[in-house]
There are 2 protein chains.
Amino acid sequence: MNNLRFATALHILTLLSQQPEELLPSEYLAGSINVNAAVVRKEISNLRNHGFIQSKEGKGGGSMLAKPASEILLSDIYQAVRQAAILGRNNAPNPACPVGKQINAHLEDLYSEAEANLIRSLSKKTLADFARQFS
Amino acid sequence: MNNLRFATALHILTLLSQQPEELLPSEYLAGSINVNAAVVRKEISNLRNHGFIQSKEGKGGGSMLAKPASEILLSDIYQAVRQAAILGRNNAPNPACPVGKQINAHLEDLYSEAEANLIRSLSKKTLADFARQFS
DNA sequence: TTGTACTGTAATAAATAATATTACAGTTAT
DNA sequence: ATAACTGTAATATTATTTATTACAGTACAA
């Protein structure tokens, strides 16, 4: 997660939540976020697959929220853009070493637990809570 | 944190905690972890700066824990290798947009809160707790 | 006092990952 | 038809991470 995806996704969703009746084009969203429109469209595609957004093609098209901002948890957004374990990747340790042989299993346990805690804490806020701060 | 540093650091410290009286050379540690010895020495240097490890140069030298494993919290290790916010980086959004102008401040708040929760959860386990699983 | 086995550190290279750019076929409104 | 969009893929660029190499410095031990 040393990347821009969470910030980008949340930015997109915040903008959409402010005009929930409007179809906003990707160029407009990209202009506010200051990234390339193709990047925005790719993230929108992901968020759409997760059911947060619906889009319309063609002239006058764009994207809007597919459900109320109050029903989208920040943990849902996190999980939609999640790519790797929160505490990082593992090595490929030496299986001939007693520690090396077992460490990845124990690291995985630790990572899942830490991530479950993170998700629990993010699930306490909705997109609506986050977006409300901007009005 | 989409990297190997947390896993590497915890692996080093686990090995050291198993032979708390011995000076273990970086080549040996690197062999168990299966990374380059220079990488191990660099991480050791960082962990030493944080007071977890002491090293001895020269023949017969190596590293050992500088304090009991029961006094090293997993959150301390996390903080020693931490490089970026847990939820990722921010964009450089358009300041002409009302959302773009404010979003980074709100993201920072969210990141700090999430990170504080993570640290709290990691602080409940010590290196000794983690290493105990291997015996 | 010399050889051996280490550390500490830096410079560079290589590999991997993330992002930007470009392009264009397909869709819809007018 | 034309214009304004989306969806998606291919490629290029940039950034980040890791590996490699090198070597001066330190300490032990014969």
Side-chain angles (χ1 to χ4, degrees), chain A residues 1-9 11-12 15-16 19 22-31 33-50 52-66 81-85 87-94, chain B residues 1-9 11-12 15-16 19 22-31 33-50 52-66 81-85 87-94:
Chain A
M1 282 292 299
N2 194 9
N3 62 26
L4 300 169
R5 287 192 60 198
F6 183 81
T8 303
H11 197 146
I12 291 169
L15 290 168
L16 297 185
Q19 289 166 89
E22 303 283 330
L23 286 166
L24 303 181
S26 59
E27 289 287 356
Y28 169 79
L29 301 169
I33 304 171
N34 194 27
V35 293
N36 195 282
V39 171
V40 169
R41 292 205 282 267
K42 201 167 173 194
E43 194 59 66
I44 282 175
S45 163
N46 177 49
L47 296 169
R48 187 171 49 241
N49 291 338
H50 282 84
F52 306 141
I53 284 183
Q54 62 191 92
S55 306
K56 193 178 170 206
E57 293 185 15
K59 186 172 182 182
S63 299
M64 63 189 287
L65 291 184
V81 300
R82 181 199 126 90
Q83 294 184 110
L87 292 175
R89 307 207 308 282
N90 291 350
N91 291 291
N94 185 346
Chain B
M1 282 292 299
N2 194 9
N3 63 26
L4 301 169
R5 287 192 60 197
F6 182 81
T8 303
H11 197 146
I12 292 168
L15 291 167
L16 297 185
Q19 290 166 89
E22 304 282 329
L23 285 167
L24 302 181
S26 60
E27 289 287 355
Y28 169 79
L29 301 170
I33 304 171
N34 194 28
V35 293
N36 196 282
V39 172
V40 170
R41 292 205 282 266
K42 201 168 173 194
E43 193 59 65
I44 281 174
S45 163
N46 177 47
L47 295 170
R48 188 173 47 242
N49 290 338
H50 282 83
F52 306 141
I53 284 182
Q54 61 191 93
S55 306
K56 193 180 171 206
E57 293 184 16
K59 186 172 180 182
S63 299
M64 61 188 289
L65 291 184
V81 300
R82 180 199 127 91
Q83 296 184 108
L87 293 175
R89 306 208 308 283
N90 291 350
N91 290 291
N94 185 345

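This structure is a prediction, so every number in the text was calculated from the model and none was measured. Proteins come first, then strands; the chains are lettered A, B, ... in the order of their sequence lines, and each starts at number 1.
- Which of D/dA29, C/dT27, D/dC5 sits closest to the side chain of A/P25 comes down to D/dC5.
- The distance between atom CG of B/N46 and atom P of D/dT17, rounded to the nearest whole Å, is 14 Å.
- Atom CE of B/M64 is separated from atom C1' of C/dT7 by 16 Å (rounded to the nearest Å).
- For the pair B/V81 and B/T8, the minimum side-chain heavy-atom distance is 4.5 Å or more.
- B/S63 comes within 4.0 angstrom of no nucleic acid atom, judged by non-hydrogen atoms across all strands.
- Between B/N91 and A/N34, the closest side-chain pair of non-hydrogen atoms is not below 4.5 Å.
- Taking the nucleotide of DNA chain C with the nearest heavy atom to each of B/I44 and B/N91, the more 5' of the two is matched to B/I44.
- Counting heavy atoms from C-beta on, the side chains of A/I33 and A/L4 never come closer than 4.5 Å.
- For the atom pair A/N36 CG and A/E27 CD, the distance stands at 8.0 Å (nearest 0.5 Å).
- Taking atom CG of residue A/N90 and atom P of nucleotide D/dT17, one finds them 16 Å apart after rounding to whole Å.
- Remark: side-chain polar atoms of A/N3 are paired, donor with acceptor, to backbone N or O of A/R5 under 3.5 angstrom.
- One can place CZ of B/R5 at 13 Å from P of D/dA19, the figure rounded to the nearest angstrom.
- The CD-P distance, from A/Q83 to C/dA17, rounds to 10 Å in whole Å.
- Heavy-atom nearest nucleotides on DNA chain C were determined for A/G58 and for A/K42, and the one closer to the 5' end corresponds to A/K42.
- Heavy-atom minimum distance, B/L23 versus B/G62: CD2-O, 3.5 Å.
- The CZ atom of B/R89 sits 9 Å away from the P atom of C/dA20 (whole-angstrom rounding).
- Of the listed nucleotides (C/dT7, C/dT19, D/dG7), C/dT19 has the atom at the smallest distance from the side chain of A/L4.
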May I have the step-by-step check of side chain to side chain contact (heavy atoms under 4.5 Å, CB included) for A/L47 and A/H50, ending in yes or no?
CA-CA 5 Å; A/L47 296 169; A/H50 282 84; 5.7 Å; no
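- A/S45 has a side-chain polar atom (N or O) that falls below the 4.0 Å cut-off from OP1 or OP2 of D/dT8.
- Within the 4.5 Å cutoff, side-chain heavy atoms of B/Q54 are placed close to those of B/M64.
- In this structure, B/N3 places its CG atom 18 Å from P of D/dA15, rounding to the nearest Å.
- Put simply, B/K56 has a side-chain N or O that comes within less than 4.0 Å of OP1 or OP2 on D/dC28.
- Here A/E22 contributes atom CD and A/Y28 contributes atom OH; the two are 9.5 Å apart, rounded to the nearest 0.5 Å.
- When the P atom of C/dT7 is taken as reference, atom CG of B/L23 falls 9 Å away, rounded to whole Å.
- For A/R48, no side-chain nitrogen or oxygen approaches OP1 or OP2 of D/dT6 to under 4.0 Å.
- Using five terminal pairs a side, the axes of the helix from C/dT1-D/dA30 to C/dT30-D/dA1 at its two ends make an angle of 10°, given in steps of 10 degrees.
- Here the OG atom belonging to A/S63 is positioned 11.5 Å from the CG atom belonging to A/L15, to the nearest 0.5 angstrom.
- If you check residues 33-41 of chain B against DNA chain D, the residues with a heavy atom closer than 4.0 Å are B/V35, B/N36, B/A38, B/V39, B/R41, listed by number.
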